[in-house]
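These notes are about the structure you will find just below.
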Amino acid sequence: MSFQVKYFGMLAEIAGLSDEVWNAGGELTVGQFRAQVLDKYPAMRDKKFKIAVNRKISEDFVPIEIPAEVALLPPFAGG
Amino acid sequence: MSFQVKYFGMLAEIAGLSDEVWNAGGELTVGQFRAQVLDKYPAMRDKKFKIAVNRKISEDFVPIEIPAEVALLPPFAGG
Amino acid sequence: MYLSKSRRRLHCCRHLQEDNRRTMEKTHKPKKVFIEGPINPEFVAKSIASHQSKTGIGAHAIFLGQIRADQKEGGAVAGIDYTAYEEMAEQAFHDIREAAFTKFELTCMHIYHSLGVVPTGEISLFVFVSSPHRRAAFEASEYIVEEIKAKVPIFGKELVGETGQHVWKENR
Amino acid sequence: MYLSKSRRRLHCCRHLQEDNRRTMEKTHKPKKVFIEGPINPEFVAKSIASHQSKTGIGAHAIFLGQIRADQKEGGAVAGIDYTAYEEMAEQAFHDIREAAFTKFELTCMHIYHSLGVVPTGEISLFVFVSSPHRRAAFEASEYIVEEIKAKVPIFGKELVGETGQHVWKENR
């Protein structure tokens, strides 16, 4: 399965890009995806972030069902 | 003793004036002054108002010491 | 007292020089609050713009009181004619200012109130507080508006319909 | 749902006709919130002026977020560069609007937030609520600002000093 991943703020800075297509072997939960991302971008390990699936912040146990837009959201700073 | 009396809002409307000199026989407390005012302007009997002596809202037991500026204040409506 | 005075030097924006001079005095002159007629949105914009050089400010809270067309027996309210016991009111505004600066971490505070006729839909009260942080701004804004409503001798004659009738307003 | 929609017809001022049309639809389109660059005091004045025809309004509460020149390791903050997950943010703003209209007796509500660079001393957030009575205006204003800070995916890069350094901002 593959899906769209979006990076914002300091995470886009670390990844060096703001969008990419994620190719996962099989089905993934949010928590499994998080582990894969941290493997790919070790500098994200000490950053706080939440993961949104289809624009909704999702817990680690939630399965990612395609088509999905997955986003890594660092702490909010609006206002 | 005599002192200045000021009327505001609906009380000025009832009194038909906004300022007058009050000539009292002897010394007066705020409460005694209130009674005199209600005698002079009976239409004020069913109106709520506070009395300020020298710009400070005063209880009925307070004696009015001249020179004094006494004011009759209907309910506030600022804002 | 000393603290309050030394903090005061930092408060106000447009009156900064004046405040510096005043640190030598025992009391502070009250600031001008009353404005003849309605308060203009343009005036609000100018007040906001004049705070952009104060770079310690992170939050402004503004309250505006606008005249409602409430239905009365003789028709709708067309406006309010405000009068005040001005000397006592200025003192009350001054006391509210001083108390708010003591209670809350404020950088600036401005209060304006109309006198005379303010037509329905126009603004009669403008409370403007600025702080490094939003919490103090919110709390001060509410505090000041409630204090004004309760403690400042301002009187309002609601002008009703087109026949010259009126009703005296009372704050709740 | 029906209640919320029928109330909505009354809410908004500038979009009143649009809202009337939308009462036939199941969902409401989100309103435009993002503004490129700083929010101008003139824009605030125009927003206020556009509410003077709504004569049921008695109280406006306005919150403005201004960029502080906080001291960081590399110098003072010179501005914040805002980005957002725009589609999710628009949805979050929409949800906050709907919740606030349900919770509080509001006549109007407008929210604007900057994207891109906002220099120190300038305004990046403008929350404007109007109600017949002050209590609802105060409460809604605080509620909306807190909700925005907590729930809207907006990111801020604090530009520090003059050397191109930056620090990522985080709401508390």
Side-chain angles (χ1 to χ4, degrees), chain A residues 2-22 28-31 33-34 36-38 40-79, chain D residues 30 33-35 39 63-68 70 77 79-96 111-115 118 122-127 141-142 144-159 164-172:
Chain A
S2 76
F3 48 84
Q4 196 69 29
V5 177
K6 292 167 95 72
Y7 303 94
F8 291 95
M10 69 176 71
L11 303 173
E13 204 170 70
I14 289 169
L17 44 79
S18 58
D19 270 286
E20 67 181 322
V21 174
W22 201 265
L28 284 185
T29 62
V30 169
F33 166 70
R34 180 190 298 272
Q36 292 189 0
V37 167
L38 296 181
K40 181 163 183 186
Y41 303 110
M44 290 185 189
R45 283 179 204 279
D46 61 344
K47 303 299 178 195
K48 266 191 301 183
F49 62 89
K50 291 178 176 169
I51 294 176
V53 179
N54 295 328
R55 299 167 193 174
K56 202 170 163 328
I57 289 170
S58 297
E59 301 293 335
D60 276 0
F61 68 85
V62 173
I64 297 170
E65 291 172 6
I66 53 171
E69 180 179 283
V70 177
L72 269 66
L73 306 176
F76 300 167
Chain D
V33 168
F34 287 118
I35 286 184
I39 295 162
F63 179 85
L64 303 171
Q66 182 168 301
I67 310 298
R68 280 198 313 270
D70 284 354
V77 171
I80 296 183
D81 187 359
Y82 285 106
T83 52
Y85 185 5
E86 289 192 49
E87 301 85 348
M88 184 175 160
E90 294 282 6
Q91 183 60 48
F93 279 124
H94 178 74
D95 294 346
I96 292 169
I111 303 173
Y112 301 97
H113 198 290
S114 296
L115 286 183
V118 181
E122 303 221 39
I123 290 160
S124 59
L125 172 61
F126 170 26
V127 173
S141 171
E142 281 202 48
I144 293 165
V145 172
E146 296 301 334
E147 286 287 287
I148 291 171
K149 300 244 175 200
K151 296 194 179 162
V152 183
I154 296 172
F155 315 103
K157 188 161 77 170
E158 293 178 318
L159 311 171
Q165 290 180 66
H166 65 259
V167 178
W168 289 96
K169 188 185 169 224
E170 178 171 351
N171 279 342
R172 280 171 301 173

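Excluded from the calculations below are hydrogen atoms, water molecules and symmetry mates; all remaining heavy atoms, backbone and side chain alike, are included.
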Check: Of the listed residues (D:Gly65, D:Pro153, D:Gly156), which shares the most heavy-atom pairs with chain A below a 4.5 Å separation?
Finding: D:Pro153

Check: Among D:Arg172, D:Gln66, D:Lys151, D:Glu158, who wins on heavy-atom pairs under 4.5 Å with chain A?
Finding: D:Lys151

Next item on the list: Below 4.5 Å from any heavy atom of chain D, which atoms of A:Ala12 appear? Answer side chain, backbone, both or neither.
Entry: neither

Quick one: what part of [X] sits under 4.5 Å from any heavy atom of chain A, side chain, backbone, both or neither?
X       : answer
D:Tyr82 : side chain
D:Ala89 : neither
D:Ala92 : neither

Next item on the list: Go through the steps for A:Phe49 and A:Tyr7 under the test ring-ring contact (aromatic ring centres under 6.0 Å, His included), then give the verdict.
Entry: CA-CA 10 Å; A:Phe49 62 89; A:Tyr7 303 94; 9.0 Å; no

Report the distance from atom [atom1] of [X] to atom [atom2] of [Y], rounding to the nearest 0.5 Å.
X       : Y       : atom1 : atom2 : result
A:Phe33 : A:Leu28 : CZ    : CG    : 8.0 Å
A:Lys50 : A:Phe8  : NZ    : CZ    : 15.0 Å
D:Arg68 : D:Ile80 : CZ    : CD1   : 8.5 Å

Checklist line | Working for salt bridge (Lys or Arg N to Asp or Glu O under 4.0 Å), residues A:Lys40 and A:Glu20 | finding: CA-CA 13 Å; A:Lys40 181 163 183 186; A:Glu20 67 181 322; 2.8 Å; yes

